[in-house]
Amino acid sequence: MTATMLAGRLDVTKGAFAVEEVPVPAPGPGEVLIKVEAAGVCLSDVHLIDGTLKPFLLKGDKVTLGHEVAGTVHTLGAGVTGAAVGDRVLLQAGESRDGRVFTRGVDYDGGWAEYALATATTLVPIPDGLPFEQACFLPDAVSTPWAAITTTGAVRPAEAVGVWGVGGLGAHGVQLLRAIGAFPIVAVDPLPAARERARAFGADAALDPADPQFSAHLRAATGGRPLAAAFDFAGVAPVREQAMAALGERGRLVLVGLTDKPLTVTDGTRLSYLRQQILGHYGSDGQDVIDLVNLVRGGRLDFARSVSGTFPLAEAARAVEALERKEGNPIRLVLKP
């Protein structure tokens, strides 16, 4: 094993990202060194690089990006039990330290590297049949919409639901809503390719939000039923207005897409009269990731079509650019060390 490795490092003070040689870290007590096999490229990584997102708990000026990571156990630190060299694992996207949640690849070094350190308790074993390229993004691109649907939105079988924005999170949102029995699932996206993808992932209807007949098409898709839940994966104000108007009594609007813009309720009386709710959502819990791995293991979920492309770790900057420009309308791009 060499003394140095490649890592995708962000200087948060300068907003400068580069793949560079750094020392291979050594695991301390309770830690494990992972040989990274795959790491997801998330829009959050793009926003960290462009400065839209800032680490709050990072010590120092530089961090190795990457909160979606899968690989094999390479070295065990002192006192580690329950893991063995060669184990196939994914890493939880963060961990709690003294009551505060630290995010991997944001508040401490992540997995855009040949090797990554992880607290042993953040390892999740994965089955042999689950490729690393698909396993790596379960802790965010899949677990975030899963938690939004099952916990925050509390969607029940046969409820009519809407999904606004069918990018990486929204596409998985459609797939997961289908898995839990929501009906009908109406996807909304201005891009024809995204609407086509929504249908392929299980949407019962896919609508253009700019269509002058949008409301009529929505009523036709739901058989005249208002939506019980609507999910905003886009983080755009007009989306929220349109989604709110589609909700019925006790309807829930779940805000998953992030924005720093104000949230406005045009008709507060209607919201109160119908006892509707607007719910913020962020991330997921560790158990959500474990549950998803079990569902994949049991053959209930398959994320093979979610891998839109792979890039060598050395070309991480190119992968970021491709995601930022939405080249090929990707669901998830993956780095391979």
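Scope of the values below: all heavy atoms of this structure, side chains included, with no hydrogens, waters or symmetry mates.
- For the pair Arg305 (side chain) and Ala200 (backbone), a donor-acceptor distance under 3.5 Å is present.
- Residues Thr119 and Tyr108 fail the side-chain proximity criterion, which asks for heavy atoms closer than 4.5 Å.
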Test log, rule side-chain contact (heavy atoms from CB on, under 4.5 Å), inputs Leu138 and Ser143: CA-CA 6 Å; Leu138 292 183; Ser143 66; over 6 Å; no

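- By the rule that hydrophobic residues join a cluster once side-chain heavy atoms approach within less than 4.5 Å of another member, Phe311 and Val334 end up as members of separate clusters.
- Taken to the nearest 0.5 Å, the CZ atom of Phe137 stands 11.0 Å off from the CG atom of Leu90.
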Begin with the C-alpha distance, continue with both residues' side-chain angles, and end with the deciding distance and a verdict on side-chain contact (heavy atoms from CB on, under 4.5 Å) for Gln134 and Leu130. CA-CA 7 Å; Gln134 296 171 38; Leu130 177 57; 3.9 Å; yes

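- For the pair Arg332 and Phe303, the NZ or CZ position fails the cation-pi test of under 6.0 Å to the six-membered ring centre and within 45 degrees of the ring normal.
- Between Asp109 and Lys62 no salt bridge is recorded (no basic side-chain N to carboxylate O distance below 4.0 Å).
- Under a hydrophobic clustering in which Ile, Leu, Val, Met, Phe, Trp and Tyr are joined whenever their side-chain heavy atoms come within less than 4.5 Å, directly or via other members, Val80 and Val124 fall into different clusters.
- In this structure, CG on Leu263 lies 8.0 Å from CG on Leu253, to the nearest 0.5 angstrom.
- One hydrophobic cluster, built from ILVMFWY side chains closer than 4.5 Å, cannot hold both Phe132 and Val69; they sit in different ones.
- There is no side-chain donor-acceptor pair under 3.5 Å between Thr310 and Glu133.
- From Glu68, atom CD reaches atom CG of Asp45 across 7.5 Å, with rounding to the nearest 0.5 Å.
- Remark: the backbone N or O of Leu6 is paired with a side-chain donor or acceptor of Glu114 at under 3.5 angstrom.
- Put simply, the side chain of Asp107 gets close to the backbone of Thr103: a donor and an acceptor are under 3.5 Å apart.
- When side chains are defined from C-beta on, Pro139 does not count as touching Leu91, because their heavy atoms never get closer than 4.5 Å.
- Taking each heavy atom of Leu335 and Pro312 in turn, the nearest pair found is CD2-O, 4.1 Å.
- For CD of Glu196, the number of neighbouring non-hydrogen atoms (other residues, nucleotides, ligands) closer than 6.0 Å is 12 at most.
- Listed for the Ser284 side chain is no donor-acceptor partner under 3.5 Å among the backbone atoms of Ala147.
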For Val265 and Asp267: C-alpha separation, side-chain torsions, deciding distance, then whether side-chain contact (heavy atoms from CB on, under 4.5 Å) applies. CA-CA 6 Å; Val265 178; Asp267 190 344; 5.6 Å; no

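- A salt bridge between Arg178 and Asp204 is present, with a side-chain N of the basic residue lying under 4.0 Å from a carboxylate O of the acidic one.
- Side chains of Glu95 and Thr122: no donor on one and acceptor on the other come within 3.5 Å.
- With contacts defined as side-chain heavy-atom distances shorter than 4.5 Å, the pair Arg197/Ile331 qualifies.
- Proximity of Thr150 to Asp291: side-chain heavy atoms (C-beta onward) are nowhere separated by under 4.5 Å.
- For Glu315 and Lys336, the salt-bridge test fails: no basic side-chain N is under 4.0 Å from an acidic carboxylate O.
- Separating the CZ atom in Phe201 from the CG atom in Leu176 is a distance of 10.0 Å, to the nearest 0.5 Å.
- Closest approach of Asp140 to Cys42, counting heavy atoms only: OD2-SG, 3.5 Å.
- Criterion: ILVMFWY side-chain heavy atoms under 4.5 Å apart, direct or through other members. Under it, Val166 and Leu177 are not part of a common hydrophobic cluster.
- Minimum interatomic distance between Met244 and Ile278 (heavy atoms only, all atoms of both residues): SD-CG1, 4.0 Å.
- Counting heavy atoms from C-beta outward, His217 and Asp211 have side chains that approach closer than 4.5 Å.
- Without hydrogens or angle criteria, Asp285 side chain to Asp288 main chain gives no donor-acceptor distance under 3.5 Å.
- Checked for salt-bridge contact, Glu37 and Lys35 meet the test: a charged N lies under 4.0 Å from a carboxylate O.
- The closest donor-acceptor contact from the side chain of Arg88 to the backbone of Pro127 lies under 3.5 Å.
- In terms of heavy atoms, Ala26 sits closest to Glu31 at O-OE1, 4.2 Å.
- The pair Glu249-Arg275 meets the salt-bridge criterion, with a side-chain N (NZ, NE, NH1 or NH2) lying under 4.0 Å from an Asp/Glu carboxylate O.
- Of all heavy-atom pairs between Cys136 and Gly40, the closest is SG-N, 3.6 Å.
- In the hydrophobic cluster analysis, where Ile, Leu, Val, Met, Phe, Trp and Tyr join through side-chain heavy atoms closer than 4.5 angstrom, Trp146 is grouped apart from Leu258.
- With a 4.5 Å cut-off on side-chain heavy atoms, Leu274 and Leu247 do not count as touching.
- In this structure, Thr152 OG1 and His281 NE2 are separated by 4.5 Å, a value rounded to the nearest 0.5 Å.
- Checked by atom type, the side-chain pair Ser306/His172 shows a donor-acceptor distance below 3.5 Å.
- Side-chain contact check for Pro25 versus Leu33: some heavy-atom pair is nearer than 4.5 Å.
- Between the side chain of Asp232 and the main chain of Leu255, no donor-acceptor pair closer than 3.5 Å is present.
- With salt bridges taken as basic N to acidic carboxylate O contacts below 4.0 Å, one links Glu321 and Arg318.
- Minimum heavy-atom separation, Gly202 to Ile185: O-CD1, 4.0 Å.
- Proximity of a side-chain donor or acceptor of Glu241 to a complementary backbone N or O of Pro238 within less than 3.5 Å is not detected.
- In this pair, Phe17 and Trp112 present their aromatic rings perpendicular. The plane angle is above 60°, beyond the 30 to 60° band.
- Side-chain contact between Arg100 and Arg97: absent, with no pair of heavy atoms (C-beta onward) separated by less than 4.5 Å.
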Is there a salt bridge (charged side-chain N to carboxylate O under 4.0 Å, His left out) between Arg156 and Glu159? Walk through the geometry before answering. CA-CA 6 Å; Arg156 295 179 294 277; Glu159 283 192 317; 2.8 Å; yes

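- Atom-to-atom distance recorded for Gln242:CD and Leu218:CG is 8.5 Å, nearest 0.5 angstrom.
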Show your reasoning for whether side-chain contact (heavy atoms from CB on, under 4.5 Å) applies to Leu117 and Val32. CA-CA 6 Å; Leu117 278 183; Val32 175; over 6 Å; no

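- Under 4.0 Å is where a charged nitrogen must lie from a carboxylate oxygen, and between Arg195 and Asp189 no such pair does.
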